[in-house]
There are 2 protein chains.
Amino acid sequence: MPVSELSSTAQDYLKLIWSATEWADKPITVGVMAERIGVKPSTVSDGIKRLAAQGLVTHAPYGSIELTEAGREHAVAMVRRHRLLETFLVEILGYGWDEVHDEAEVLEHAVSDLMVDRIDRLLKHPSRDPHGDPIPPAVGTPAATVGFQLDQAKPGSQVTVTRISDEDPDMLRYFTELGLAPESRLTVRERRPYADVTTVRIHGQDSDIALGTTAAAAIWVVA
Amino acid sequence: MPVSELSSTAQDYLKLIWSATEWADKPITVGVMAERIGVKPSTVSDGIKRLAAQGLVTHAPYGSIELTEAGREHAVAMVRRHRLLETFLVEILGYGWDEVHDEAEVLEHAVSDLMVDRIDRLLKHPSRDPHGDPIPPAVGTPAATVGFQLDQAKPGSQVTVTRISDEDPDMLRYFTELGLAPESRLTVRERRPYADVTTVRIHGQDSDIALGTTAAAAIWVVA
DNA sequence: CACCAATGTTAGATCACTCTAACATTTATC
DNA sequence: GATAAATGTTAGAGTGATCTAACATTGGTG
C-alpha cells in the first residue's frame with residue numbers, strides 16, 4: 001500500500017471518507033468533511049475535485065462521494081497507521097488515551113512504511129487500538145465492525161463496551177473520570193426519549209451515570 | 001522553544017544553517033544549501049528572503065547568511081528533535097544507525113513538544129545520538145564541539161572516534177561493515193598527501209583500512 | 001408545485017514552494 | 001585590473017491549499 005506520493009490533505013480526505021462508512025453507513029457530505037477537517041466547504045469541494053482527477057474518488061457535482069478501490073486502499077493504510085500510532089503512543093510513550101488522537105493525526109503523515117512495520121512488531125501486531133477500534137491488517141480486509149451504539153441499547157440490557165470514538169479528547173477525559181473504557185460492562189438503566197438521555201450503571205460502581213446523545217452515540221457496545 | 005508555527009522548509013533551512021557552523025565554522029552558501037536540500041539555488045534564495053522577512057536570519061543580497069537569535073533557537077530545537085529521534089529509532093525501534101537519518105528528517109517536523117519530552121524521558125535524557133552528535137538540552141546552550149576530523153590527524157597518533165557525520169547512509173553502511181563506530185580506537189598509520197588517503201588501523205583488527213578524504217573528513221576524533 | 005433554505009460549487013485572490021530562464025554580482029585567473 | 005567562470009538573484013509561471021463572495025442545485029414545506 002504505497003502512501004507517500006499523496007499530499008497529507010489528500011490522505012486526510014480519504015481517511016475521513018472511509019471512516020464515515022466504517023461505523024455508520026450514511027455517505028459523508030462536503031459540509032461534514034469541512035467541519036471535521038476545520039476548513040470551509042469550498043476548500044473541500046476543491047480538494048474532492050483533485051482527488052477525483054487522481055482517480056481516488058468518484059464524484060459528480062452535487063453528487064455523492066465514493067472511494068475508488070485505489071482510494072480505499074490508501075484510506076485503509078492511513079487508518080492502520082493512525083491506530084497503530086495511537087497504540088504505540090499509549091503503550092510505549094505512556095500517553096493517556098485522551099492525548100493520542102491529535103498526535104497520531106500528524107504523525108500518520110510522517111512515518112515511513114518501515115516505521116509502521118517496526119511499531120507493529122514492537123507491539124506484537126495488536127488488533128485493536130486504545131479506543132477499541134480495530135487496526136486494519138497490513139494486507140487483507142479490515143475487521144468487520146461489530147456492536148451498536150449505546151444510545152440504541154435496550155433499557156435493562158447488559159452490554160460490554162467495545163469501542164469509544166476518539167474524536168473528542170474532552171469527552172474521552174470525561175469518560176476516563178467516570179471509569180468508562182473499552183471492556184467496561186454496563187447495565188442500561190433507562191432512556192428518556194425526549195430528554196435524549198441514556199442512563200447506565202458501570203458494573204462495580206454504585207451510582208448511575210446519565211449520558212447525552214452525543215456521548216451515548218460515541219460508545220459502541222455488544223450484548 | 002516554540003517550533004510549530006514555522007513551515008517545515010523553513011525549519012530545514014534554519015537547521016542546515018546552524019549545522020554548518022557546528023563543526024566547521026565556514027559560513028554556508030546558497031549553493032551548498034540548495035544541493036543539500038535537493039532544490040535549485042533560486043528556491044533557496046527565495047526561501048532565505050522569506051526567513052529574513054520573519055526575522056530569523058540576516059541576509060543582504062549576495063551577502064552572508066547569519067541566524068538571528070530567534071533563528072538560532074528554532075534551529076537548535078530542530079537539531080535536538082532530530083538527534084533525539086535518531087536515538088529513539090535505534091534504541092526503541094531497532095533501526096540500524098545507517099537507517100535513521102532520513103526517517104528522523106521527516107519526523108522532526110511532525111512530533112509535538114510533548115512527544116519530544118516523552119522520548120527524552122524514555123531514553124533517560126541521552127547526551128549523544130547514535131552517530132556521536134551531542135543532543136542539545138531542552139534549555140541552555142548546546143554542548144561545545146570537541147575533537148577534529150580524522151583527515152587532520154597526525155600519522156602515528158592514536159585517536160578515539162567521537163562522531164561520524166550522519167549525512168550519507170551509504171558511507172555509514174560502509175563504516176558498519178568495517179566495524180568503525182563512535183568509541184572506536186584507531187591508530188593513524190599514514191597519509192599520502194597527493195593520493196588524499198588516510199590509512200588507519202582499528203584496534204583489535206589485523207589489517208589497515210584506507211579512507212578517502214570524504215570518509216576521513218566525516219569522522220571526528222579526539223586524541 | 002413553487003419557493004426558500006440548506007448545501008455545494010465556482011470565481012477570484014493569496015501564500016508558500018518549486019521550477020526554468022534571464023540577469024547581476026563576486027571571485028578567481030591570466 | 002579586465003575578463004571569464006562561478007555563484008546568486010529576480011522574473012515569470014505552475015501547483016496545491018486556503019479564503020471570501022457570488023452563484024447553482026437540491027430537497028423539503030407550505
Side-chain angles (χ1 to χ4, degrees), chain A residues 2-17 20 24 26-67 70-71 74-75 78 105-106 108-110, chain B residues 2-17 20 24 26-67 70-71 74-75 78 105-106 108-110:
Chain A
V3 158
S4 18
E5 63 289 342
L6 250 50
S7 73
S8 78
T9 23
Q11 292 174 345
D12 282 340
Y13 285 11
L14 294 175
K15 184 162 64 98
L16 189 49
I17 297 165
K26 48 185 171 201
I28 197 158
T29 66
V30 169
V32 170
M33 286 184 68
E35 211 243 296
R36 285 291 200 79
I37 294 172
V39 298
K40 300 292 169 193
S42 58
T43 305
V44 172
S45 192
D46 220 85
I48 295 288
K49 227 187 318 184
R50 270 194 298 273
L51 249 31
Q54 291 170 85
L56 296 164
V57 303
T58 56
H59 176 61
Y62 302 100
S64 67
I65 301 163
E66 306 276 357
L67 292 172
H74 281 291
M78 289 316 295
E105 201 68 37
V106 178
E108 67 192 12
H109 303 299
Chain B
V3 158
S4 16
E5 64 288 344
L6 250 50
S7 73
S8 78
T9 21
Q11 292 174 344
D12 282 340
Y13 286 11
L14 295 175
K15 185 163 63 97
L16 188 49
I17 297 166
K26 49 184 173 202
I28 197 160
T29 65
V30 170
V32 170
M33 287 184 68
E35 212 244 296
R36 285 290 200 77
I37 294 171
V39 299
K40 299 294 170 192
S42 57
T43 305
V44 172
S45 193
D46 220 83
I48 295 288
K49 227 187 318 184
R50 271 195 298 273
L51 250 31
Q54 291 170 84
L56 297 164
V57 302
T58 57
H59 175 61
Y62 301 99
S64 67
I65 300 162
E66 307 275 359
L67 292 172
H74 281 292
M78 291 315 295
E105 201 67 39
V106 178
E108 66 192 15
H109 304 298

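We use all heavy atoms of the structure for the numbers below, so side chains are in, but hydrogens, waters and symmetry mates are not.
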Distance check needed: [N] [atom2] versus [X] [atom1], whole Å only.
X: Q54(B); N: dC15(C); atom1: CD; atom2: C1'; answer: 12 Å
X: I48(A); N: dA17(D); atom1: CD1; atom2: C1'; answer: 14 Å
X: L51(B); N: dT9(D); atom1: CG; atom2: P; answer: 13 Å
X: I65(B); N: dG8(D); atom1: CD1; atom2: C1'; answer: 10 Å
X: L56(B); N: dA16(C); atom1: CG; atom2: P; answer: 13 Å
X: L6(B); N: dC17(C); atom1: CG; atom2: P; answer: 9 Å

Residues which pass side-chain contact (heavy atoms from CB on, under 4.5 Å) with S64(B), listed by chain and number, not counting sequence neighbours: E66(B)
A110(A): partners by side-chain contact (heavy atoms from CB on, under 4.5 Å), with sequence neighbours left out: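 Expected list: V106(B), L107(B), A110(B).
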With H59(B) via side chain to side chain donor-acceptor pair (under 3.5 Å) - residues at least two apart: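 For H59(B), no residue satisfies side chain to side chain donor-acceptor pair (under 3.5 Å) once neighbours in sequence are set aside.
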Results of side chain to side chain donor-acceptor pair (under 3.5 Å) for T9(B) - residues two or more places apart only: S7(B)
Axis bend over the full length of the helix from dC1(C)-dG30(D) to dC30(C)-dG1(D), computed from five pairs that close each end, to 10 degrees: 10°
Atom [atom1] in [X], atom [atom2] in [Y]: separation rounded to 0.5 Å?
X: L14(A); Y: L67(A); atom1: CG; atom2: CG; answer: 6.0 Å
X: L16(B); Y: M78(B); atom1: CG; atom2: CE; answer: 12.5 Å
X: Y13(B); Y: T43(B); atom1: OH; atom2: OG1; answer: 6.0 Å

dT10(C) OP1/OP2 closer than 4.0 Å to side-chain N/O of K49(A): yes
Phosphate OP1/OP2 of dG8(C): any H59(A) side-chain N/O under 4.0 Å: no
Qualifying salt bridge (charged side-chain N to carboxylate O under 4.0 Å, His left out) pairs, either residue in residues 33-45 of chain A, two or more places apart: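 Matches after skipping sequence neighbours: R36(A)-E167(A).
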Listed once per pair and sorted, the salt bridge (charged side-chain N to carboxylate O under 4.0 Å, His left out) pairs that draw on residues 50-61 of chain A, sequence neighbours left out: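 Output for this query lists D46(A)-R50(A).
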Letter per nucleotide, 5' to 3', of nucleotides 18-25 of chain C [B base touched, S only sugar-phosphate touched, - untouched; heavy atoms, 4.0 Å]: BBBB--BS
Selection: residues 27-34 of chain A, any non-hydrogen atom under 4.0 Å of DNA chain C: T29(A), V30(A), G31(A)
Under 3.5 Å side-chain donor-acceptor pair for H74(A) and Q11(A):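 There is no such pair (donor and acceptor under 3.5 Å, judged by atom type) between the side chains of H74(A) and Q11(A).
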Which atom of A10(B) lies closest to which atom of L6(B), heavy atoms considered: CB-CG, 4.1 Å
